[in-house]
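All remarks here apply to the structure that follows.
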Amino acid sequence: MEKIKLNINGIETEVEQGCTILDAAKAIGIYIPTLCHLNLEGFEICNEVSSCRVCMVEVEGRPALVTACSEKCVPGMVVHTDSMRALNGRRTALELLLSNHPKDCLVCPKNLDCELQALAKHLNINHIDYVGETMNYPIDTTSCSLVKDPNKCIMCRRCETMCNEVQTVGVLSALGRGFNAVVAPAFHLDMADTSCTFCGQCVAVCPTAALTEKNEVQRVWRQLNDPSKHVIVQVAPAVRVAIGELFGMEPGTISTGKLVAALRRLGFDAVFDTDWAADLTIIEEASELIHRIQNDGVLPILTSCCPAWVNFIEHQFPDMLDIPSTCKSPQIMFGAMAKSYYASKMGLNANDICVISVMPCIAKKAEAARPELSKDENSNVDIVISTRELGKMLHEAGVDFKRLPDEDFDQLMGESTGASVIFGTTGGVIEAAVRTAYEWVTGETLENVEFTQLRGLEGIRTASVQMGDITLNIGIAHGLGHARELLEGVRAGKYDLHAIEIMACPGGCIGGGGQPYHHGDVEILRKRQEALYQEDRNKQLRMSHQNPMIQKLYEEYLGEPYGELAHDLLHTKYIAKERI
């Protein structure tokens, strides 16, 4: 591509034609503040609405300031990002946003993690001259996963870009004009009454607290302080490679042992690993895959571990509900076993057990509340908190996470294999299933368990795995926009696939809506992904069917994989829903 030269703050630089002033400045280390700008690497999508106006710069020869995030560089351009005119323009734009923003920073869910707050500090704004009426919309708390506070919306429209262009769910859009303009569902519907999948990607990119996860921390504290409750906790695989970021550790730091120690410090009666349930999921899912192949069942089979994509297919593709695996997710399988198998082994009443989940995903909160995932009106999982919420609990309790010793999960439901660890990244679930299915179908020992053709961060990937006489064609998608493209391809006969894995969030669970904010930095996702693969390599056992605790579970309690009791406790059904 053709190169052009320009001058920014007296520095001569050369950039590709079509580059924005913001990108050109960033390339030479010049900081220009932004709020609405969002560049999603790997999705070729950029939020360029230029609505916040805080990135304004001065271009010589231009009568007005321009927005650096959308203004393209031209040959010979002379740009000043630090002139008084540019600084005053930014301050005015930010003060106008702050004048219509609630002043409850001390008790705001995003206090000290708010981009608007941080920018006000950066621009040294400690007084607002514009005083007058402010928005007064009702706060939407109808969903089990997120809270929408329109009064904190600054119309950056990042959430709209994520919902419509990346996830293609189409729930959020700009409503109203002028002072009353806000991003919300059509007709200001409650989130619970829409086709929202609760993937949480809108929450992940919101710069303020206009969208936040529903905070369940106080409910967890109350359970931990209730002597009548036996409170146990499970931790999802993606949490262990991200939570360290909340304590100043590098992205991708494997914190499994410290995480276990931290949860014990909070007072849980037992600390278990969702990876154990992931191994259990693979036994059921691989059995179902083989059963479908050998009995001319419906193919392709779709993995069903991600609750956001389950919501997506129920709303967007109700004609394809015979394709997903009927297996419950590892979170729900764990809860089902905790309140049956674990209760019987420990001599406890299921009603006295409280199951807490630590998940990278806020859709898990809504999943736990689904009535079809309860048993005898008793929820399999009682409370779900995100990685961020656990971080807040640890800070609140004064736990020095970085100095904690490494401890092991409690047994019975704590042993896991490497296959279960990679559940946390795109391609991991199907790779884990293939490892087990290969040995079961061929009767041979799988020497190399790493199916690298299933790995990567491309939005849609296809690969083939040879299992004896069977060639297994596999499709993988992450991000619901890519999932839509793949499913529409399957419906149109474009793909000839036997198995599909879909994860709603970019990168899979490592990029979940409840993880530490990565601000669109794909390199952070890569580091988390590689950490999961390293954790897999560190395991002595790397295939789910090798897990001795899972073998014991079937011998003592469940009987045959994919059998009658397993179907009753570990499988579910899907419900066609209206697209709203």
Side-chain angles (χ1 to χ4, degrees), residues 8-9 20-26 29-39 46-59 62-71 79-137 149-161 174 176-184 202-212 517 519-520:
I8 305 178
N9 293 352
T20 65
I21 294 175
L22 180 66
D23 288 334
K26 184 178 179 181
I30 294 176
Y31 170 71
I32 300 175
T34 64
L35 276 175
C36 66
H37 180 72
L38 178 69
N39 188 12
C46 186
N47 189 43
E48 292 183 322
V49 296
S50 304
S51 60
C52 70
R53 321 303 285 179
V54 299
C55 68
M56 290 190 291
V57 297
E58 186 175 2
V59 176
R62 299 284 290 272
L65 297 173
V66 301
T67 51
C69 70
S70 58
E71 188 72 23
V79 180
H80 300 283
T81 74
D82 54 0
S83 68
M84 284 308 301
R85 189 177 173 210
L87 293 177
N88 286 334
R90 285 178 206 157
R91 286 181 60 89
T92 300
L94 191 60
E95 285 181 17
L96 287 168
L97 287 174
L98 292 169
S99 71
N100 188 34
H101 200 79
K103 309 302 186 291
D104 61 349
C105 294
L106 289 177
V107 293
C108 177
K110 292 285 287 281
N111 185 28
L112 301 183
D113 212 359
C114 170
E115 293 179 45
L116 182 67
Q117 186 184 55
L119 191 52
K121 179 182 178 182
H122 176 76
L123 293 180
N124 195 29
I125 295 176
N126 48 39
H127 178 75
I128 301 170
D129 293 322
Y130 307 103
V131 180
E133 186 180 354
T134 59
M135 286 193 298
N136 186 25
Y137 284 105
D149 186 349
N151 304 304
K152 295 186 177 180
C153 177
I154 59 171
M155 284 297 289
C156 70
R157 303 176 74 171
R158 288 191 195 176
C159 60
E160 184 181 354
T161 296
R177 292 172 179 244
F179 182 78
N180 292 317
V182 70
V183 175
C202 59
V203 174
V205 299
C206 179
T208 67
L211 290 158
T212 56
Y517 299 112
H519 304 291

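No hydrogens, no waters, no symmetry mates; every other heavy atom, side chains included, goes into these values.
- Atom OH of Tyr130 is separated from atom CG of Asn100 by 14.0 Å, given to the nearest 0.5 angstrom.
- For the pair Cys153 and Met135, the tightest heavy-atom approach, listed with the atom from each and the gap, is O-CE, 3.9 Å.
- Between Val79 and Asn9 the shortest side-chain heavy-atom distance does not fall below 4.5 Å.
- Listed by chain and number, the residues in a side chain to side chain donor-acceptor pair (under 3.5 Å) with Asp129 are His127 (sequence neighbours excluded).
- The CZ atom of Arg53 sits 11.0 Å away from atom CG of Leu97, with the distance rounded to the nearest 0.5 Å.
- To the nearest 0.5 angstrom, Asp149 atom CG is 8.0 Å from Thr208 atom OG1.
- Between Glu71 and Arg62 there is a salt bridge, since at least one side-chain N of the basic residue sits less than 4.0 Å from a carboxylate O of the acidic one.
- Here the shortest heavy-atom pairing between Ala93 and Met56 reads CB-CE, 4.4 Å.
- Here CG of Asn180 is found 4.5 Å from OH of Tyr137. Values are rounded to the nearest 0.5 Å.
- Pairing each heavy atom of Pro207 with each of Cys156, the nearest pair is CD-SG, 3.6 Å.
- Checking side-chain atoms of Arg157 against main-chain N and O of Cys36 turns up no donor-acceptor pair under 3.5 Å.
- Side chains of Arg85 and Val57 form no contact here, defined as non-hydrogen atoms less than 4.5 Å apart.
- The minimum heavy-atom distance between Ser70 and Ser50, with the atom names listed, is OG-OG, 2.8 Å.
- Taking each heavy atom of Ala25 and Ile32 in turn, the nearest pair found is CB-CD1, 3.6 Å.
- The main-chain N or O of His37 is never found under 3.5 Å from a side-chain atom of Thr34 such that the two would form a donor-acceptor pair.
- The two residues Cys159 and Leu211 make their nearest non-hydrogen contact at CB-CD1, 3.7 Å.
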Glu115 and Arg158: side-chain contact (heavy atoms from CB on, under 4.5 Å), yes or no, with the steps? CA-CA 13 Å; Glu115 293 179 45; Arg158 288 191 195 176; 2.8 Å; yes
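- Put simply, the residue from Leu116, Leu35, Thr67 that forms a side-chain contact (heavy atoms from CB on, under 4.5 Å) with Val54 is Leu35.
- The side-chain heavy atoms of Leu87 and Met84, taken from C-beta on, include a pair separated by under 4.5 Å.
- Under the 4.5 Å side-chain criterion, counting only non-hydrogen atoms from C-beta, Val59 is not in contact with Leu65.
- Considering CG of Leu38 and CD of Glu160, their distance stands at 12.5 Å, rounded to 0.5 Å.
- Residue Thr92 holds its OG1 atom at 8.5 Å from CD1 of Ile125, rounded to the nearest 0.5 Å.
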As a quick check of understanding, evaluate side-chain contact (heavy atoms from CB on, under 4.5 Å) for Thr134 and Asn151, giving each step before the final call. CA-CA 8 Å; Thr134 59; Asn151 304 304; over 6 Å; no
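- At least one side-chain heavy atom of Tyr31 sits less than 4.5 Å from a side-chain heavy atom of His122.
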Could you list the donor-acceptor pairs under 3.5 angstrom formed by side chains in residues 101-109, with sequence neighbours left out?
unit_1: Lys103; atom_1: NZ; unit_2: Leu98; atom_2: O; d: 3.0
unit_1: Lys103; atom_1: NZ; unit_2: His101; atom_2: O; d: 2.6
unit_1: Asp104; atom_1: OD1; unit_2: Lys152; atom_2: NZ; d: 3.2
unit_1: Asp104; atom_1: OD2; unit_2: Lys152; atom_2: NZ; d: 3.2

